[in-house]
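Written out below as structure tokens is the structure these notes cover.
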There are 2 protein chains.
Amino acid sequence: MYVSARSDYALRAMLAVAAGGGELVKAATLANNQAIPLSFLQGILVDLRRAGLLLSHRGTEGGYALARPADEITVGDVLRAVGGSLTTVRGLPAERAGYQGVASGLRDVWLAVHGAIALVVDRTTLADLLCVPRRPPVDDPLPS
Amino acid sequence: MYVSARSDYALRAMLAVAAGGGELVKAATLANNQAIPLSFLQGILVDLRRAGLLLSHRGTEGGYALARPADEITVGDVLRAVGGSLTTVRGLPAERAGYQGVASGLRDVWLAVHGAIALVVDRTTLADLLCVPRRPPVDDPLPS
DNA sequence: AGTATTCCTATTAAGTTGGTAGGAAGAGTG
DNA sequence: CACTCTTCCTACCAACTTAATAGGAATACT
């Protein structure tokens, strides 16, 4: 259960763009606003544009803007854009794991985990996260 | 949302030991039973033993056995034994992320994801997984 | 005592991820 | 057109994970 730096940076960048309120935001602004290495961020922004989540504009007054309203982009959309499948087991999507013998039951565990994660990230939009005091609609039941 | 090879192998090995029915199972048997590289598996088995989940015995008739009954070891126990914290963001545990500005809300998302995962893996025991036709007690609501 | 088998540990190679650097292409301005 | 700014793209380096190998330490049997 590892959230990669790419996924984390992508979400922070998307939130910073969303906070710009429709104006074009430059990559350099995002980088030092959220303490993200600029060159690394640029590769992530290309992924987000190719996934249809961001619009880009080159030139002197260039920058990035959301392709859809902030309440129509979910956390899951962003994660899938930069990481492929939402959950992967040893690099493969959870549904094609290929277990044999006594480990057959594991597949269902990963599918259940996948479903539980999807339930959270597909119901939380960028707009939800910009209203800070409100928490996402799942409480955390178990510690550690 | 990445399940490492280490975590996957650890669970498969624990299930194979549990299926041995109290008898000592050799590392080599586990390795070619579940198609795991032997030398890599040995390092994992050491972690599981140090975490108090496995007992080991050396010598001609040596091998590994569960330290507790299979219905008292959860999937979460195994994941924490080999991977430290259950969910990590950029290598750090989810609860110490350190977001600033517009990204503050992200912390709650990861905590919610962490809680949702824990709900699944801490309620599923090795004994549950050995009864194959039964599925873990969470249904998967959303595809992809 | 000796031997075979096994767990255990350290070292090394290959592959992926995180991060950096430089340049090519497009957009505006004079 | 020349110049500047910014996105976009490619190749490159460092660190970690995965994988494989070799040798040492402990146990059991003859």
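Here is how names work: the chains are called A, B, and so on, in the same order as the sequence lines, proteins then strands, and each is numbered from 1.
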- prompt: Pick the nucleotide of DNA chain C nearest each of B/V46 and A/S4; which residue has the one closer to the 5' end?
  reply: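 Its nucleotide being nearer the 5' end, the pick is B/V46.
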- line: Of A/T60 and A/P37, the one whose nearest nucleotide on DNA chain C sits closer to the 5' end is A/P37
Closest nucleotide among [options] to the [X] side chain:
X	options	result
B/S39	D/dA28, D/dC8, D/dT21	D/dT21
B/Q42	D/dT7, C/dC8, C/dA4	C/dC8
B/R49	D/dA28, C/dC8, C/dT20	C/dC8
B/S56	D/dT27, C/dG19, C/dC8	C/dC8
A/A5	C/dG19, D/dC8, D/dT18	C/dG19
A/F40	C/dG19, C/dT9, C/dC8	C/dG19

- request: Check if the side chain of A/R58 and the base of D/dT7 share a donor-acceptor pair of N or O atoms closer than 3.5 Å.
  value: yes
Residue B/E61 excluded, over 12 heavy atoms near CD under 6.0 Å: no
query: Considering residues, nucleotides and ligands other than B/Q100, do more than 12 of their heavy atoms fall under 6.0 Å from its CD?
result: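 Enclosed.
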- request: Would you mind reporting whether B/T124 and B/L129 have side-chain heavy atoms less than 4.5 Å apart?
  value: yes
message: For a 4.5 angstrom cut-off between non-hydrogen side-chain atoms, does B/R12 reach B/I44?
response: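 No, their side chains stay 4.5 Å or more apart.
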Mind calculating the distance between [atom1] ([X]) and [atom2] ([N]) to the nearest angstrom?
X	N	atom1	atom2	value
B/R6	D/dC16	CZ	P	15 Å
A/R50	D/dT7	CZ	P	16 Å
B/L38	D/dA22	CG	C1'	13 Å

message: For the residue pair A/S4 / A/S7, report whether a side-chain donor-acceptor contact shorter than 3.5 Å exists.
response: yes
- line: Residues of residues 20-32 of chain A with a heavy atom under 4.0 Å from any atom of DNA chain C, listed by number, are none
task: Give the C-alpha distance, both sets of side-chain angles, the deciding distance and a yes or no for side-chain contact (heavy atoms from CB on, under 4.5 Å) between B/T74 and B/R123.
output: CA-CA 7 Å; B/T74 68; B/R123 268 161 183 57; over 6 Å; no
